[in-house]
Protein chains: 2
Amino acid sequence: MSTEPAGEPRWLSDEEQYAWQSYLHATTLLEDHLDRQLQRDAGMPHVYYGLLVQLSQAPRRRLRMTELAQNAKITRSRLSHAVARLEKSGWVRREDCPSDKRGQNAVLTDEGLRVLEKAAPGHVAAVRAAIFDRLSPEQVGQLAAICRTVADGLQPQGADLPWLR
Amino acid sequence: MSTEPAGEPRWLSDEEQYAWQSYLHATTLLEDHLDRQLQRDAGMPHVYYGLLVQLSQAPRRRLRMTELAQNAKITRSRLSHAVARLEKSGWVRREDCPSDKRGQNAVLTDEGLRVLEKAAPGHVAAVRAAIFDRLSPEQVGQLAAICRTVADGLQPQGADLPWLR
DNA sequence: CACCCTTAGTTAAAACTTCAAGAAATGGCG
DNA sequence: CGCCATTTCTTGAAGTTTTAACTAAGGGTG
C-alpha cells in the first residue's frame, strides 16, 4: 500500500542521509531530555504532560477521549492507559458523556491544574533552552513549515488512527 | 542547573508555540509511522533497526556496546535490553572484547544482515515518502542545520549519558 | 601491591506502549 | 422494530523503556 517492493530502490542522497541522521539524533536527544526533565520536575513523562496541556486549553477543562487522542496524536488505547494512570495520580478524572452513553470525558482536576502550572515554567525554559534560544527567527519559521508539511503527509488513515477521512 | 525556577518565565511567542506544536505533531506521527512500518515489514521497532544499521556500517560489523549506544543516542541499559532481544531473534550476537575484559562487542550476524538488506528498500521508501519527497532541497538543508544546532545543545553530560566531556 | 575511584555492562522491577480482542452504544436501513 | 456495521472506549498480554542498584574490570596513586 504505502511501501510496495519497488524494482529499484531510490536511496537517499548524501545530503538527505545527513539530514536524516541529524534529525534522528536531534529528536531522540530532545525527547529524552524533555522526558527526564518532566519526570524529574513534574512526575510524569512528556506525553502525559501534553495531555494535561490539551485539557487545560479545552473549554471546560474537559475533552472527549477520542478528541484528546486526536489532538495528542496517540491511539485511543494508549490514551486509555495514560488517563488511567493520570487518574490514579489525581490529575485527571473521568466523566460520562451526557449526550453519548459510549463516551467519556477526561477532565483536568484542580490538582492537575496546579501541577501543570507549577511545572510549566520549568518546561518552557527547557524547551526554550533546547530550541528557541538556539535558532534564529527564520529557522523557527522554517521548522514550522517543514513540520507542517511532514505532518500533513502522515495524517493516518489506517489501523487505529483513522482520523481525517 | 538547567531549569532553575526563574522569577518571570518567558513564555513562547505565538510563532514559537506554533512551531513547537507542529514539531510535536510531526515527530510523533513520523515516529509512529516508521515504527509500524518496520514492525510490519521487519519485525522490529525503529530503534532496533537503527542499531542494525549502525552495526552494518561499522568496520567488522561489530561495535563496542558503549560506542553503539553513543551512536544511537540511547542509554547503555536500553541497549542491553535491545541487544538481548536482537540476540534472541538471531540478528545480533555478543562477543567478548579481547582487549578489555569488561567489554562486549555487538556483532551483526549474517542473518541480521539479510534481514536488514531485505527491509532497507521499504524503509527508505517510507522515509522518502514521508519527508524527502515532500520537502524542497532548501528545506532539507534547513532541516539538517536546525537539527544539528539542537543536537549540539543536547549532547548530554548528566545521568547515564555522560559522553562528550 | 593495596586502595579507591571510574568505566563497562547487566539486571530486576516498575512504568509505559502496542496489539489484538472485546463490550457497549449508536446509527442507518429494510 | 430488528439487524448489522460502525464508533467509542477498555482490557490483558506481550514487548519495550526507565531507573536504580549491582558486578566486575581497569587505572591511577601512594
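Remember, predicted model here, so these are calculated numbers, not experimental data. Per chain, numbering begins at 1; letters A, B, ... match sequence-line order.
- Residues A/L68 and A/A106 come closest through the heavy atom pair CD2-CB, 4.1 Å.
- What separates CG of B/L79 from P of D/dT17 is a distance of 11 Å, to the nearest Å.
- Under a hydrophobic-cluster definition in which Ile, Leu, Val, Met, Phe, Trp and Tyr are linked whenever side-chain heavy atoms come within less than 4.5 Å, directly or via other members, B/Y18 and A/L154 are assigned to different clusters.
- The distance from atom CZ of B/R40 to atom P of D/dG15 is 20 Å, rounded to the nearest whole Å.
- Listed by first then second residue, pairs satisfying salt bridge (charged side-chain N to carboxylate O under 4.0 Å, His left out) with a partner in residues 114-127 of chain A number zero, not counting sequence neighbours.
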Counting primed atoms plus P, OP1 and OP2 as sugar-phosphate and everything else as base, spell out the protein contacts along nucleotides 11-18 of chain C at 4.0 Å heavy-atom distance: B, S or - for each nucleotide, 5' to 3'. BB---SBB
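- Per the geometry, CG belonging to B/L51 stands 12 Å off P belonging to D/dT16, to the nearest Å.
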Quiz: residues 81-90 of chain B side-chain donor-acceptor pairs under 3.5 angstrom, not counting sequence neighbours:
{"unit_1": "B/R85", "atom_1": "NH1", "unit_2": "B/S89", "atom_2": "OG", "d": "3.3"}
{"unit_1": "B/R85", "atom_1": "NH2", "unit_2": "B/G43", "atom_2": "O", "d": "2.9"}
{"unit_1": "B/E87", "atom_1": "OE1", "unit_2": "B/R94", "atom_2": "NE", "d": "3.0"}
{"unit_1": "B/E87", "atom_1": "OE2", "unit_2": "B/R94", "atom_2": "N", "d": "3.2"}
{"unit_1": "B/S89", "atom_1": "OG", "unit_2": "B/R85", "atom_2": "O", "d": "3.2"}

For nucleotides 23-29 of chain C, which of its nitrogen or oxygen atoms have a protein nitrogen or oxygen under 3.5 Å away, and what is each distance?
{"unit_1": "C/dT26", "atom_1": "OP1", "unit_2": "A/K101", "atom_2": "N", "d": "3.3"}

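- Evaluation of the side chain to side chain contact (heavy atoms under 4.5 Å, CB included) rule for A/A151 yields B/A26, B/L29 as partners, not counting sequence neighbours.
- Atom-to-atom, CD of B/E31 to C1' of D/dT17 comes out at 13 Å; the value is rounded to the nearest Å.
- The rotation axes computed at either terminus of the helix from C/dC1-D/dG30 to C/dG30-D/dC1 lie 10° apart, taking five pairs at each end and rounding to 10 degrees.
- The CG-C1' distance, from A/L38 to D/dT18, rounds to 15 Å in whole Å.
- Considering only residues two or more places apart in sequence or on other chains, A/E31 meets the side chain to side chain contact (heavy atoms under 4.5 Å, CB included) condition with A/D35, A/H46.
- Distance A/Q70 CD to D/dT7 C1': 12 Å, rounded to the nearest Å.
- The side chain to side chain contact (heavy atoms under 4.5 Å, CB included) search around A/T28 returns B/K73, not counting sequence neighbours.
- Residues satisfying the side chain to side chain contact (heavy atoms under 4.5 Å, CB included) test with A/A120, not counting sequence neighbours, are A/Y49, B/W11.
- The stretch residues 56-66 of chain A participates, sequence neighbours left out, in these salt bridge (charged side-chain N to carboxylate O under 4.0 Å, His left out) pairs: A/R61-A/D110, A/R62-A/E95, A/R64-A/D100.
- If you measure from atom CE of A/M65 to atom C1' of D/dT11, you get 13 Å, rounded to the nearest angstrom.
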Under 3.5 Å, which donor-acceptor pairs do the side chains of residues 130-146 of chain B form with other protein atoms, sequence neighbours left out?
{"unit_1": "B/D133", "atom_1": "OD1", "unit_2": "A/R10", "atom_2": "NH2", "d": "3.4"}
{"unit_1": "B/R134", "atom_1": "NH1", "unit_2": "A/T149", "atom_2": "O", "d": "2.4"}
{"unit_1": "B/S136", "atom_1": "OG", "unit_2": "B/E138", "atom_2": "OE1", "d": "3.1"}
{"unit_1": "B/S136", "atom_1": "OG", "unit_2": "B/Q139", "atom_2": "N", "d": "3.1"}
{"unit_1": "B/Q139", "atom_1": "OE1", "unit_2": "B/S136", "atom_2": "N", "d": "3.1"}

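- Here D/dT11 presents its P atom at 10 Å from CD of A/Q104, a figure rounded to the nearest Å.
- Pairs of residues two or more places apart, or lying in two chains, that qualify as salt bridge (charged side-chain N to carboxylate O under 4.0 Å, His left out) and include a residue from residues 15-24 of chain A are A/E16-B/R128.
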